[in-house]
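The block underneath contains the structure these notes are about, expressed in structure tokens.
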Amino acid sequence: MTDRPAKPQGLGAGPITSQLGAQTPNYLEGLNPEQRNAIESVDGPLLVLAGAGTGKTRVLTTRIAHILATRRARAGEILSVTFTNKAAREMKERIGKFVGGAIEGMPWLGTFHSIGARILRRHAELVGLKSDFTILDTDDQIRLLKQLLQAENVDEKRWPARQLAHVIDGWKNKGLQPSQLSAADAGVFADGKAVKIYQQYQARLKVLNAADFGDLLLEGIRLFKDNPTVLAEFHRRFKYILVDEYQDTNVAQYLWLRLLAQPNEHRETANVCVVGDDDQSIYGWRGAEVDNILRFEKDFPGAKVIRLERNYRSTSKILKAASHLIAHNEDRLGKTLQTDVGEEGEPIAVTSVWDSEEEARNIGEDIEQLQRQGHKLNSMAILVRASFQMREFEDRFITLGLNYRVIGGPRFYERKEIRDALAYLRIVTQPADDLAFERIVNVPKRGLGNATISMLHDAARAANIPLVQATRELVETDELKPKQRSTLRGLLSQFDEWAMRLQTLPHSEVAEAILDESGYTQMWQNDKSADAPGRLENLKELIRSMEEFETLGGFLEHISLVMDRDSGDADDAVSIMTLHAAKGLEFDTVFLPGWEEGLFPHQRALDESGKAGLEEERRLAYVGITRARKRAKLSLAQNRRIHGLWQSAIPSRFLDELPADVVEVKDTGSSYGGINYGGRDQATKFDRRDPFESVYETPGWQRAQRQHQSRGKDRGPTIEGELVARSVNPASSSRYKVGDKVLHLKFGEGTVAAVDGNKLSIDFPSVGRKKVLESFVQKP
DNA sequence: CACGTCGCTGTTTTT
DNA sequence: CAGCGACGTG
């Protein structure tokens, strides 16, 4: 976020070329020796272990500036990957300051996914896609899987599509194609059909000319492996590679990176610099492997390791609390952060309140008091474990009239009306996008119900062609009822009409026309519910934001990959966000509510990942505390409403793990027995009870048990072989010829009168001559 | 075919 | 307390 108050940057804004003299260029001034070392060690593999607040981003950006200033490479020859769009944006901004915006930015600075997509688009045909492929989001992904599960007759109650999506994501995160999965990997889901469906899913994506998030990397890996010349092209291009937040990379990202970074004909050593902090690895649930960072020196022989341990952010009390807490983790490289702030600061406040409502009230009061003392709302943040906690704060702040900003909350592009509108745009630009078609074919209502849609589906599946194409064929026949047939025909001609206009007219204008002419706008105008006006407003906003993009494709790419909106940071407002979203940010005052067992550490993390899960939760806590420059205020509610009913909670074990001498306990009076901060003999306290004793009753455990039991039972066949787009059958000869007797489900028995590709004209005794699709008849 | 109602279930974190 | 799917009615 851009609301971080300016850090002392000490970076001259002057042109870099003028700094190329004999002395130290001034962008290197004010750096400590380790930082400087990290920046100037340009050649060969380098691992920078950067603790919280040690100037990691500064090192990365200065390093890039240094490479540019010394003319080792041009902007387009540096590959620089980050984990989030936020981080990418910030780096771009900061580099812009060095070079004064003289160059047109860094074309290869971005998230793994956006760069992955970029590479893939250049060579899409080599992995069975077209360069304008659609990027599917989770929602599309689940809908597609749902269809495949239905086709396989899998009980959806027992094996929900979202769970399968999770399993497949897991495979993709590990860099595994369906063909690489062995029998042992398969047995878990749906009696062993998971791998088979994964395989079908991939094939289906190719037909739809679509890729999901995982594919952006996975298909990239395949591309590089199967096409050495393509890989060589990128070897030639990328002279330097930098990776931010290396501790968060998963196996697929690691493989992708290693292919690009490996020594090659242009380079004897890998010029790769990775920056990370094992204590801030918080994406294990998404497949991140801390191992990647621990293993770096083995992967890249001769790697240099530099540790940044001087913290420029927090007071010594905050740092002490955080360090003490994280020391309870066993699996870590271990670092000793030293404060450079030179200020003891305020103690960590821990407040126990009666319920979450009181918690919101309290924090609201604290904020108002700080505000009265002259602190900016921009300098404060509330960091929650789970997003449902946000609502209570929002409610409270609305009644108080306190300005707030939710970061990463319910996202603009995930709203129904926005997704519908996007589906219209997708189907016009990309006719193979079945998911978009399904989404809008009967929105607004056009009288196309289940019966019609499933007929379209049947035809599409039988011929293995996209829905729109199947529809085109079907409307030429008599399969459909006249009303539906003419509706569909009208819709198709609208698609064509819109596509035509896109050739010549500005896309935002066409988009507006599409929404009007499809009746979509009208639909919401007729809607009398309270949120309809808001939705119309959002649609306008969507059209407005399109104007910033040169092409519709560019716009669609932006929204599928950069799902965050730039929240207006102009106003002074308190930020509310999850702990995950807070990584990389810093604030003077940080409120950390909800430190209760079950919520933080989250029960599910414990259930599903045991000790590793607990340690990851602890790292989250560490991330949370280290966001604070001056004040960290933790709180816990003794009662919290979890889906409707009140439950009493016990204080988080993490509170016990804070050092007593920097903690100040405040109790609002309604405590039951208080919290015990020993802070001494941590080892015994930590081991005093088995943290997982209750594990056997939890749903997560039981689920795991079930999965174990089903493992190894009968599994579906594993289909080997690579996925290739099946060519869309061009004029394949019919199985029928004139004079054949056939059976049609609706019209009964008849005689083939004419054959036209896969369309048949058939004489039925009952209804006369009808045109039907071949896939709708069978031999009697 | 559209719409309403009922009952069930599942609830973390995100590119 | 959601949000979704299943079901029955206009």
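Order of the sequence lines sets the chain letters (A, B, ...), proteins ahead of strands, with each chain counted from 1.
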Next on the checklist: Is there a side-chain contact between A:L79 and A:F234 in this structure, where contact means two heavy atoms from C-beta onward sitting under 4.5 Å apart?
Outcome noted: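 No. Closest side-chain heavy atoms not under 4.5 Å.
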Next on the checklist: Considering every strand and a 4.0 Å limit on heavy-atom distances, what is the contact class for A:F112: base, sugar-phosphate, or nothing?
Outcome noted: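 Result for A:F112 = nothing.
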Checklist entry - So what does A:R619 hit on the nucleic acid, given a heavy-atom distance under 4.0 Å: a base, only sugar-phosphate, or nothing? => result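 It contacts nothing in the nucleic acid.
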Checklist outcome for this item: Counting primed atoms, P, OP1 and OP2 as sugar-phosphate and everything else as base, the B/S/- map of nucleotides 1-6 of chain B against protein heavy atoms under 4.0 Å is SSS---
Item to check | Over 12 foreign heavy atoms within 6.0 Å of CZ, A:R391 | outcome: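 Not buried by this count: 12 neighbours or fewer within 6.0 Å.
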Next on the checklist: Looking at A:F600, is its backbone amide N or carbonyl O close enough to the side chain of A:S652 to form a donor-acceptor pair, meaning the two atoms are under 3.5 Å apart?
Outcome noted: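 Yes; at least one donor-acceptor contact below 3.5 Å.
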Item to check | First of A:E617 and A:T84 reached from the 5' end of DNA chain B, by closest nucleotide | outcome: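 The 5'-side residue here is A:E617.
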Checklist entry - Which one of A:N292, A:L257, A:V275 satisfies the side chain to side chain contact (heavy atoms under 4.5 Å, CB included) criterion with A:V243? => result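 Only one of A:N292, A:L257, A:V275 forms a side chain to side chain contact (heavy atoms under 4.5 Å, CB included) with A:V243, namely A:L257.
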Item to check | Interface with DNA chain B, restricted to residues 280-290 of chain A and to heavy atoms under 4.0 Å | outcome: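 Those residues whose heavy atoms fall under 4.0 Å from DNA chain B, taken from residues 280-290 of chain A in numerical order, are A:Y283, A:W285, A:R286.
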Checklist entry - Taking OP1 and OP2 of B:dT12, is either one under 4.0 Å from a side-chain nitrogen or oxygen of A:R385? => result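 For B:dT12, neither OP1 nor OP2 has a side-chain N or O of A:R385 closer than 4.0 Å.
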Item to check | Phosphate OP1/OP2 of B:dT15 contacted by A:S114 side-chain N/O (<4.0 Å) | outcome: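 So the side chain of A:S114 is outside the cut-off, no N or O lying under 4.0 Å from OP1 or OP2 of B:dT15.
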Checklist entry - Regarding A:N639 and A:S648, is there a side-chain donor-to-acceptor distance under 3.5 Å anywhere? => result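 Distance-only check fails for A:N639 and A:S648.
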Checklist entry - Does the side-chain ring of A:H113 lie flat on the base of B:dT15, meaning centres under 5.5 Å and planes less than 30 degrees apart? => result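 Taking the rule of under 5.5 Å and under 30°, the ring of A:H113 does not stack on B:dT15.
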Item to check | Residue pairs involving residues 441-456 of chain A (criterion side-chain hydrogen bond (donor to acceptor under 3.5 Å, both in side chains); sequence neighbours excluded) | outcome: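 Checked against side-chain hydrogen bond (donor to acceptor under 3.5 Å, both in side chains) - neighbours excluded - the pairs reaching residues 441-456 of chain A are A:Y424-A:R446.
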Checklist entry - Who pairs with A:D139 by side-chain hydrogen bond (donor to acceptor under 3.5 Å, both in side chains), at least two apart in sequence or on another chain? => result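 Listed in chain order: A:R419.
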Checklist entry - With sequence neighbours left out, what residues match A:S114 under side-chain hydrogen bond (donor to acceptor under 3.5 Å, both in side chains)? => result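 With neighbours one apart ignored, the set is A:T111.
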Item to check | Nearest-Å distance for atom pair CG/P, residues A:N250 and B:dT15 | outcome: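 For the pair A:N250 CG and B:dT15 P, the rounded distance is 14 Å.
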Checklist entry - What are the 5'-most and 3'-most nucleotides of DNA chain C lying under 4.0 Å from any heavy atom of chain A? => result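 Endpoints of the contacted stretch of DNA chain C: C:dA2 to C:dG5.
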